[in-house]
Amino acid sequence: MNIIVCLKQVPDTEAQIKIAGDAKSIVTDDIKWVMNPYDEFGVEEALKTKEKFGGEVTVIGLGPKRVTETIRTALAMGADKGILICDDAADGSDSIAVAKALAAAIKGMEYDLIFTGQRGVDDDLGVVGASVAEFLDIPQLSLIEDVEFAEDGKSVKVKRPVEGEVLTIESSLPVLITTQKGLNEPRYASLPGIMKAKKKPLDQKTLSDLGLDASDFGEGARKLKIVELLSPPARSAGKIIEGESPQEKAAELARLLHEEAKLL
Amino acid sequence: MAQGVWTIAEQRNGEFRKITYEMISEGKRLADALGQELTVLLLGSNIKDKAADLGQYGADKVLVADDARLEPYTTDAYVSVIAELTKANEPAILLIGGSVQGKDLAGRLAARLDVGMAQDCTELLIDGGNLVAIRPIYAGKLYAKVTYENSFPQMATARPNVMAMNEPDSSKSAEVADASFTLDDGMLKTKVVNVDKDTSGKVDLTEADKIVSGGRGMKGADEFKILEDLADVIGASVGASRSAVDAGWREHTDQVGQTGKVVSPSLYIACGISGAIQHLAGMSTSKVIVAINKDEDAPIFQKADYGVVADLFDVVPALTEELKKIV
Ligand SMILES: Cc1cc2nc3c(=O)[nH]c(=O)nc-3n(C[C@H](O)[C@H](O)[C@H](O)COP(=O)(O)OP(=O)(O)OC[C@H]3O[C@@H](n4cnc5c(N)ncnc54)[C@H](O)[C@@H]3O)c2cc1C
Ligand SMILES: Nc1ncnc2c1ncn2[C@@H]1O[C@H](COP(=O)(O)O)[C@@H](O)[C@H]1O
């Protein structure tokens with residue numbers, strides 16, 4: 001089975017995010033960049049599927065040169081080859097444009113299955129997966145916690161939790177699956193894996209290599225415009241409940257929730 | 001010219017979900033600000049008799065797409081029908097509830113219509129006749145204010161539990177019309193083969209009005225019983241930090257935070273949770289936060305409206321007893 005995993009590089013979840021001087025972007029100086037945590041589940045599931053059915057795992061990322069590191073991480077985990085779409089003209093593109101470029105790169109390839117994360121933990125959009133599926137005209141299965149292939153590897157059955165229900169959905173292949181926690185435990189790259197990754201193929205492509213028009217990309221082509229970034233409404237420390245004993249504190253808290261916050 | 005506000009009703013087996021009323025209420029406010037009408041799209045099977053009542057929450061019109069293939073929801077069928085209706089009618093704004101289903105639908109629909117889409121908004125307003133959306137990014141570490149360019153309809157999903165819901169006015173009823181659409185079986189590539197219902201009766205965390213959450217301080221799976229007891233008394237759902245989930249004490253679907261569920265209850269009680277940045281990110285839009293932690297320096301206290309510095313194994317059972325007297 002040939003599997004593609006889309007990788008987004010995002011700031012480490014530990015990072016404090018600060019607004020830059022233009023009020024529209026963030027300060028990137030001190031940021032440690034990592035693979036979007038949801039994409040780790042995608043890489044793991046792809047590797048597990050390959051171990052069972054054979055085939056090849058290709059990882060693909062769009063972004064600046066530093067995305068190479070994220071691709072190498074996936075290669076070190078065990079993916080076979082990587083593609084980096086790297087083009088200054090793509091800087092500042094919105095999700096639909098990113099998806100168009102990814103779809104263009106994938107279109108020429110042979111694939112049965114594509115994984116993306118359910119959302120990037122940076123802009124929290126969760127649009128790229130569905131859009132890649134749309135532009136490739138294949139079905140999507142979002143927020144999947146369990147994937148099971150038919151013995152012949154021609155169809156797939158997945159579990160998708162929605163509020164208060166778990167749906168089992170069947171689909172033919174090729175299909176795009178978006179991942180979430182619970183799907184698997186992503187492996188770490190081993191030392192030999194890291195060594196091997198250095199020799200694995202990593203192709204770099206520009207927008208024009210993919211037959212795309214640079215004017216459809218970048219800040220200027222955005223359909224969703226960022227007006228400004230804002231700090232969240234300040235939440236300051238409130239009352240510390242006084243009391244001689246835990247029982248007294250509990251009674252006082254209950255009283256405040258009832259009389260002051262009027263929640264109960 | 002694009003005209004009117006549209007929203008999509010979310011229903012399961014003919015029952016509307018709460019998010020539907022939230023979106024109608026919010027959609028009506030936007031429509032009023034524009035001086036235009038609010039139309040609700042209702043998709044499902046044998047669903048038409050439920051349509052007029054949506055007027056009670058503010059729908060002016062309900063457009064009904066009735067077809068056996070529209071129950072249960074599938075991305076393929078819904079996107080196909082809604083894209084066709086949107087192209088034919090050209091609404092100015094398309095608002096969708098940010099539930100699991102709504103976000104799935106909105107992502108694909110935005111690509112099909114080739115428009116910008118703001119996911120999971122917490123505030124929507126009209127400025128100069130256009131939609132302005134405010135949405136948390138980096139799981140709430142920042143907010144982005146966004147607008148649309150050459151993009152109609154202006155699409156957004158709104159986070160559950162955030163938009164104020166109108167009081168239903170039983171004297172009102174919406175004008176109901178049948179939608180005309182085509183649905184080609186060849187486009188339907190996925191099929192729901194089983195639905196496993198959660199019978200616990202608990203509201204999903206993303207929709208819960210009250211949440212009691214436990215972290216590593218809970219010490220073990222069995223100890224969560226004291227949180228379940230508290231939750232039962234106040235009608236809350238139980239969440240967890242990643243540490244509690246990774247320890248195997250709770251299901252992964254209970255995880256609150258940047259890589260779990262983002263929640264917006266009116267009351268969030270964090271027990272034995274330190275308040276790591278990834279956890280805070282997932283619950284910072286809660287209206288009232290209570291922290292119970294024995295370490296007075298725990299970062300969670302910086303965000304808590306009410307803090308109790310004590311051993312949770314003493315406080316939680318006592319709190320449950322106290323609240324039994326009140327509720
Ligand atoms: C990529 C990534 C993503 C992550 N995503 C998430 C996420 O989505 N959600 C999330 O929650 N975390 C997430 N984390 C983990 C996060 O960094 C923290 O490790 C985690 O939130 C800590 O959980 P905790 O507060 O339960 O445990 P701890 O930090 O260990 O805190 C336990 C607290 O319990 C208190 N305590 C102990 N015993 C008692 C007692 N008897 N009475 C009262 N208080 C007591 C202690 O004082 C302490 O403050 C993520 C981490 C990474 C790297
Ligand atoms: N620039 C990118 N390069 C490769 N994959 C991406 C990129 N942006 C988003 N994705 C994929 O789409 C998922 C959802 O991202 P988003 O829609 O940006 O929230 C990510 O988890 C990735 O799998």
Side-chain angles (χ1 to χ4, degrees), chain A residues 13-14 17 19 37 94 96 99 121-127 129-131 133-135 139-143 157 161-172 181-182 222-232 235 237-241 246-247 249-251 253-254 256 258 261 263-264, chain B residues 75-76 99-101 103-104 107-108 110-112 115-119 137-138 140-149 151 189-198 204 207 234 252-253 258-259 266-267 277-278 288 301-310 314-315 318-319 322-323 326-327:
Chain A
T13 54
E14 286 289 338
I17 306 289
I19 303 170
D94 64 11
I96 298 263
V121 300
D122 50 355
D123 56 16
D124 289 328
L125 268 171
V127 174
S131 304
E134 171 68 18
F135 299 136
Q140 85 204 41
L141 299 165
S142 344
L143 274 162
K157 214 190 258 183
V162 300
E163 301 85 359
E165 289 178 352
V166 178
L167 309 178
T168 306
I169 308 179
E170 236 170 41
S171 174
S172 56
K181 185 163 172 136
R222 284 186 75 96
K223 301 200 167 190
L224 196 63
K225 294 261 177 205
I226 297 170
V227 182
E228 59 179 331
L229 299 184
L230 309 160
S231 297
R235 258 213 121 95
K239 272 185 201 160
I240 293 290
I241 311 283
Q247 285 69 25
K249 289 179 185 174
L253 175 61
L256 287 167
H258 179 54
L263 287 169
L264 297 165
Chain B
T75 321
D76 297 341
S99 58
V100 174
Q101 171 180 316
K103 285 186 187 164
D104 175 74
R108 184 88 186 215
R112 176 101 22 118
V115 298
M117 199 270 289
Q119 192 89 285
I137 55 174
Y138 299 93
K141 291 177 195 170
L142 294 182
Y143 281 63
K145 186 180 198 179
V146 297
T147 53
Y148 303 79
E149 188 94 1
S151 181
K189 294 173 185 159
T190 59
K191 194 166 182 224
V192 177
V193 291
N194 187 44
V195 178
D196 207 358
K197 280 202 172 36
D198 174 4
D204 190 81
E207 300 179 325
I234 60 174
H252 69 87
T253 42
Q258 193 165 6
T259 52
S266 59
L267 176 62
I277 190 164
Q278 298 96 341
V288 171
F301 287 123
Q302 298 305 313
K303 304 284 173 190
D305 300 280
Y306 300 109
V308 181
V309 183
D314 296 327
V315 176
L319 181 62
E322 290 296 332
L323 289 172
I326 293 174
V327 297

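Worth saying up front: this structure is predicted, and the values here are computed from it rather than measured.
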Novice: Compare every heavy atom of A/Ala254 with every heavy atom of B/Glu322, then report the nearest pair and how far apart it is.
Specialist: CB-CB, 3.7 Å

Novice: Which residue out of B/Asp76, B/Ile234, B/Thr147 racks up the most heavy-atom pairs below 4.5 Å with chain A?
Specialist: B/Thr147

Novice: Using a cut-off of under 4.5 Å on heavy-atom pairs, state which of A/Ser142, A/Gly126, A/Ala99 scores highest against chain B.
Specialist: A/Ser142

Novice: For A/Ala251, which atoms come within 4.5 Å of any heavy atom of chain B: side chain, backbone, both, or neither?
Specialist: both

Novice: Report which part of B/Gln302 has an atom under 4.5 Å of a heavy atom belonging to chain A: side chain, backbone, both, or neither.
Specialist: both

Novice: Under a 4.5 Å cutoff for heavy-atom pairs, which residue among B/Leu319, B/Leu267, B/Asp204, B/Asp196 has the most contacts with chain A?
Specialist: B/Asp196

Novice: I need the minimum non-hydrogen distance between B/Gly116 and A/Lys223, along with the two atoms involved.
Specialist: N-CB, 3.7 Å

Novice: For A/Glu170, is there an ion pair with B/Lys191 - N to carboxylate O distance below 4.0 angstrom?
Specialist: no

Novice: Can you say whether A/Ile96 sits under 4.5 Å from chain B via the side chain, the backbone, both, or neither, judging by heavy atoms?
Specialist: side chain

Novice: Could you tell me whether the side chains of A/Thr13 and B/Gln258 share a donor-acceptor contact shorter than 3.5 Å?
Specialist: no

Novice: Give, as side chain, backbone, both or neither, the part of B/Leu142 having an atom under 4.5 angstrom from any heavy atom of chain A.
Specialist: both

Novice: Is there side-chain contact between A/Leu229 and B/Tyr143, with at least one heavy-atom pair below 4.5 Å?
Specialist: no

Novice: Would you mind telling me which of B/Asp104, B/Asp198, B/Val288, B/Thr75 has the largest number of heavy-atom pairs within less than 4.5 Å of chain A?
Specialist: B/Asp104

Novice: Side chain, backbone, both or neither: which part of A/Ile226 has a heavy atom under 4.5 Å from chain B?
Specialist: both

Novice: Is B/Thr253 in contact with chain A via its backbone, its side chain, both, or neither, using a 4.5 Å heavy-atom distance?
Specialist: side chain

Novice: What part of A/Pro139 is in contact with chain B, defined as an atom under 4.5 angstrom from a non-hydrogen atom: side chain, backbone, both or neither?
Specialist: both

Novice: Counting only heavy atoms closer than 4.5 Å, note whether A/Asp94 contacts chain B via side chain, backbone, both or neither.
Specialist: neither

Novice: What are the two closest non-hydrogen atoms of B/Val100 and A/Leu143, and how far apart are they?
Specialist: CG1-CD1, 3.6 Å

Novice: According to side chain to side chain donor-acceptor pair (under 3.5 Å), who are the partners of A/Gln247, at least two apart in sequence or on a separate chain?
Specialist: none

Novice: Between chain B and each of A/Lys157, A/Glu14, A/Lys225, count heavy-atom pairs under 4.5 Å; write down the option with the most.
Specialist: A/Lys225

Novice: Can you tell which of B/Asp305, B/Val309, B/Asp314 has the highest number of heavy-atom pairs within less than 4.5 Å of chain A?
Specialist: B/Asp305

Novice: Among B/Thr259, B/Leu323, B/Val192, single out the residue with the greatest number of heavy-atom pairs under 4.5 Å to chain A.
Specialist: B/Thr259

Novice: On a heavy-atom basis, which atom in A/Arg222 and which in B/Glu149 lie closest, and how many Å separate them?
Specialist: O-CB, 3.6 Å

Novice: Could you look at B/Ala118 and say if it's the side chain, the backbone, both or neither that has a heavy atom under 4.5 Å from chain A?
Specialist: both

Novice: Who wins among B/Val327, B/Val308, B/Ile326, B/Val315 for the most heavy-atom pairs under 4.5 Å with chain A?
Specialist: B/Ile326

Novice: With a 4.5 angstrom heavy-atom cut-off, could you sort out which part of B/Ser151 is near chain A: side chain, backbone, both or neither?
Specialist: side chain

Novice: Are the side chains of A/Glu165 and B/Lys197 in touch, meaning some heavy atoms are under 4.5 Å apart?
Specialist: yes

Novice: Step by step, work out the side-chain contact (heavy atoms from CB on, under 4.5 Å) result for A/Glu228 and A/Ile19.
Specialist: CA-CA 9 Å; A/Glu228 59 179 331; A/Ile19 303 170; over 6 Å; no

Novice: Compare every heavy atom of B/Ala110 with every heavy atom of B/Met117, then report the nearest pair and how far apart it is.
Specialist: CB-CB, 3.6 Å

